[in-house]
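Convention: sequence-line order gives letters A, B, ...; per-chain numbering from 1. Basis for what follows: all heavy atoms, side chains included, without hydrogens, waters or symmetry-related copies.
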Protein chains: 2
Amino acid sequence: MARLAGVSQTTVSLVLGGNKQGIALHEDTRARVFAAARELGYVPDPAARRLAAARNNLLGVFSFTATFPTAVEHSYYPFLAGVEQEAAAQGYDLVLFTGSSSGGAQAGEPGALDRVRLADGCLFLGRHVRGDQLRRLVADGYPAVHIGRRDEPAGLAWVGADYVAASAEVVRHLTGLGHRRVVLVREDDDAPASTDREHGFRAALAECAGRRGADDPAAVVRTGRPAADITPAWVRARLAEGTTAFVAEETDTGGAWRALHTAVAAAGLDAPRDLSLALLGSPPADLAAVRPPTGFDIPRAELGAAAVRLLVAQLAGQERAEPLVACAFRAGDTTGPPPGGPG
Amino acid sequence: MARLAGVSQTTVSLVLGGNKQGIALHEDTRARVFAAARELGYVPDPAARRLAAARNNLLGVFSFTATFPTAVEHSYYPFLAGVEQEAAAQGYDLVLFTGSSSGGAQAGEPGALDRVRLADGCLFLGRHVRGDQLRRLVADGYPAVHIGRRDEPAGLAWVGADYVAASAEVVRHLTGLGHRRVVLVREDDDAPASTDREHGFRAALAECAGRRGADDPAAVVRTGRPAADITPAWVRARLAEGTTAFVAEETDTGGAWRALHTAVAAAGLDAPRDLSLALLGSPPADLAAVRPPTGFDIPRAELGAAAVRLLVAQLAGQERAEPLVACAFRAGDTTGPPPGGPG
DNA sequence: TTGTATGCGTTATCAA
DNA sequence: TTGATAACGCATACAA
């Protein structure tokens with residue numbers, strides 16, 4: 001013990017612990033403690049100090065699929081980048097959990113989510129988190145934050161991208177160019193991320209209809225995987241009906257956008273010459289290079305960081321703040337005025 | 001406490017702790033303890049565990065730059081994939097220590113490394129490791145494994161890719177095609193990864209020279225960042241001297257390969273028609289699609305997994321095994337016989 | 001087969 | 001300004 005070296009004992013904690021309480025210390029004492037510590041190579045045991053502090057400075061990160069899947073494009077990497085940085089800034093370390101691993105022994109078992117309790121609080125990623133277990137965690141007052149909007153279980157804190165506002169902005173960009181009839185291609189599921197985009201889409205079109213007195217031009221198409229119904233013929237039919245712009249939502253595979261892109265090209269059409277295309281999100285890497293679509297970028301790193309801040313605030317007993325993070329509008333090369341002129 | 005739920009208390013440790021000592025336990029008791037634990041969502045505190053037993057089934061990962069940097073190409077992500085999977089298989093949870101992350105509160109502090117002691121052992125990644133702190137950890141007998149060959153501090157265990165063998169194999173592929181004069185373009189630094197590649201390169205060429213009695217055709221060029229000296233004129237000059245093949249080492253930015261690629265194209269030359277090109281590693285994503293180069297792939301996930309196995313073996317007091325992991329030769333489209341025919 | 005007592009290294013509360 | 005002393009939550013030797 002450094003106690004032997006110096007002449008003190010509890011004092012070591014104080015000087016080496018940073019003296020949070022602001023207790024007065026003799027400068028000599030400090031110096032002696034430091035000297036002795038260096039001499040013996042003494043290092044405060046993090047386990048002991050975390051035990052005594054009743055807080056281990058660990059934040060959990062739980063993703064129901066592997067945190068590091070082989071296919072990078074499905075990964076949570078962009079979120080983790082923000083999580084890591086913000087956790088570092090807040091002085092927390094990260095414990096990585098996955099639905100498939102969780103300590104090896106009890107994979108997939110009913111209590112698998114309980115493992116996260118070894119951390120002070122936990123972040124959850126992904127749609128497929130078991131609701132019942134999460135509910136219990138939340139009910140027990142365990143600090144938890146979900147990345148992505150989530151209505152269930154009640155009381156679960158979350159941070160999410162403001163898809164409503166971002167989608168509305170994209171649509172307003174189109175209506176501002178003169179488009180009056182726009183079609184949204186979305187996935188056939190009811191995830192909040194899809195629903196929010198549709199809300200923003202409809203809201204922005206309704207605004208325009210109100211102003212100009214036109215009838216409601218909103219049209220929404222739900223497509224499957226793969227998006228087999230988005231064909232050149234389908235595109236032509238929509239154009240014939242007066243549609244001048246198409247909007248696709250971003251999905252994890254980019255399927256909707258890819259299908260739209262392909263169908264338009266196959267129909268011998270060109271954006272923005274013959275019609276306008278926009279993407280409610282970011283394009284898959286291989287299509288990004290071809291022609292950057294008009295749309296918005298999801299601030300994934302920002303979301304990760306915001307989630308950490310929210311979780312830390314929860315740990316400190318503070319109430320939650322604004323959970324929505326704004327997306328950045330991206331002006332691309334795929335939109336322009338409708339062919340026949342505005343209106 | 002789970003103690004309240006059941007009727008025991010120390011027993012909880014035994015049954016939940018895996019009962020290392022092989023003490024006899026009533027099946028009813030075990031069942032009751034498990035039931036109570038599940039009921040309360042009880043999880044043993046890792047800090048307390050580590051304090052009392054000096055182990056808590058936590059493995060640390062410490063990288064000397066952010067583990068999830070904004071620039072994806074510099075990331076340790078591929079290693080992490082293997083680390084995560086193997087750690088799960090071995091029954092360990094992963095702690096990502098954020099001590100050195102950019103923006104981290106204790107980024108450059110002298111004690112930044114000490115927090116890893118919370119975990120039973122720790123993996124280290126990256127070239128820019130604080131040697132002094134690592135040395136202390138190792139000297140204290142703390143289980144540590146470095147991913148990537150490393151000579152310093154002495155006694156630090158590591159796993160690495162067998163760059164020597166892999167590079168030699170690539171060169172033999174070239175000499176087998178008939179190339180006799182080959183130039184290596186490498187970074188101007190002395191990282192083991194670069195040095196090993198050069199060794200393999202030289203060894204394979206020397207073999208060939210020995211067999212055929214030719215003079216030593218090895219030529220090594222060190223280039224900076226950016227690799228400004230790799231110009232079309234430079235390529236032409238080497239060809240004029242009789243060089244028929246060029247080999248570049250993989251770097252984190254892919255700079256050397258990119259420079260070579262660009263210079264050859266700008267010189268109006270084509271591989272494998274006019275000359276052969278090979279890459280000691282994998283190409284950056286954007287160049288991979290263009291034309292897959294002959295070379296080898298670093299088994300990053302395998303390395304991560306091997307590191308975990310080595311660390312776990314160290315925890316069990318076993319001695320270290322073979323630290324080298326073989327790279328996979330990749331036949332690409334950039335090599336062929338020399339233009340003038342073999343020899 | 002299970003309960004009791006003790007210690008792991010710190011921090012926090014009080015007393016000196 | 002500093003030194004005792006009691007937790008912190010768990011594991012282990014030992015007694016029951």
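If you check every strand for non-hydrogen atoms under 4.0 Å, B:Val15 touches nothing. Backbone-only engagement by A:Leu25 is indicated by non-hydrogen atom pairs under 4.0 Å involving sugar-phosphate atoms exclusively.
Computed from coordinates, the A:Leu40 CG to C:dG9 C1' distance equals 15 Å when rounded to whole Å. Atom CG in B:Leu14 sits roughly 8 Å away from atom P in D:dT12 (whole-Å rounding). Nucleotide C:dT10 holds its C1' atom 17 Å from the CZ atom of B:Arg115, rounded to whole Å. The nearest whole Å value for the distance from the CG atom in A:Asp28 to the C1' atom in D:dT2 is 13 Å. For the pair B:Leu16 CG and D:dT12 P, the interatomic distance rounds to 13 Å; values are reported in whole Å. Between the C1' atom of C:dT2 and the CZ atom of B:Arg32 lies a distance of 10 Å, rounded to the nearest Å. Taking atom CG of B:Asp114 as the reference point, atom C1' of C:dG9 lies 14 Å away to the nearest angstrom. Computed from coordinates, the B:Leu118 CG to C:dG9 P distance equals 15 Å when rounded to whole Å.
The closest side-chain heavy-atom distance from A:Leu59 to A:Val308 is below 4.5 Å. Within the 4.5 Å cutoff, no side-chain heavy atoms of A:Thr10 are placed close to those of A:Leu14. Contact annotation: the side chain of B:Ile147 never approaches that of B:Trp158 to less than 4.5 Å [non-hydrogen atoms, C-beta and beyond]. A 4.5 Å side-chain heavy-atom check between B:Phe97 and B:Val61 finds every atom pair outside the cut-off. The shortest distance between side-chain heavy atoms of A:Arg50 and A:Asp45 does not fall below 4.5 Å. Contact of the A:Asp140 side chain with the A:Arg117 side chain is registered, since non-hydrogen atoms from C-beta on lie closer than 4.5 Å. Looking at B:Leu125 and B:Phe62, their side chains never come closer than 4.5 Å, going by heavy atoms from C-beta outward.
A donor-acceptor contact under 3.5 angstrom links the side chains of A:Glu86 and A:Gln90, judged on distance only.
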Filtered N/O pairs between nucleotides 14-16 of chain C and protein, under 3.5 Å:
none

Under-3.5 Å N/O pairs linking protein and nucleotides 4-6 of chain D:
from	atom 1	to	atom 2	distance (Å)
D:dA4	N7	A:Thr10	OG1	3.3
D:dA4	N6	A:Thr10	OG1	3.4

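Residues of residues 44-52 of chain B that place a heavy atom closer than 4.0 Å to DNA chain D, in numerical order, are B:Pro44, B:Asp45, B:Ala48, B:Arg49, B:Ala52.
Under the 3.5 Å distance criterion, the side-chain polar atoms of B:His146 are left unmatched by any main-chain donor or acceptor of B:Glu152. Between the side chain of A:Tyr142 and the backbone N or O of A:Asp114, no donor-acceptor pair lies under 3.5 Å.
No more than 12 heavy atoms of other residues, nucleotides or ligands lie within 6.0 Å of CD in B:Gln85, so this atom counts as exposed by the packing criterion.
If you find the closest nucleotide of DNA chain C to A:Ala53 and to B:Ala53, the one lying nearer the 5' end belongs to B:Ala53.
When the side-chain nitrogen and oxygen atoms of B:Thr11 are compared with OP1 and OP2 of C:dG3, one or more of them lie within a distance under 4.0 Å.
B:Arg309 has a carboxylate O that lies under 4.0 Å from a charged side-chain N of B:Glu302, or vice versa, which qualifies the two as a salt bridge.
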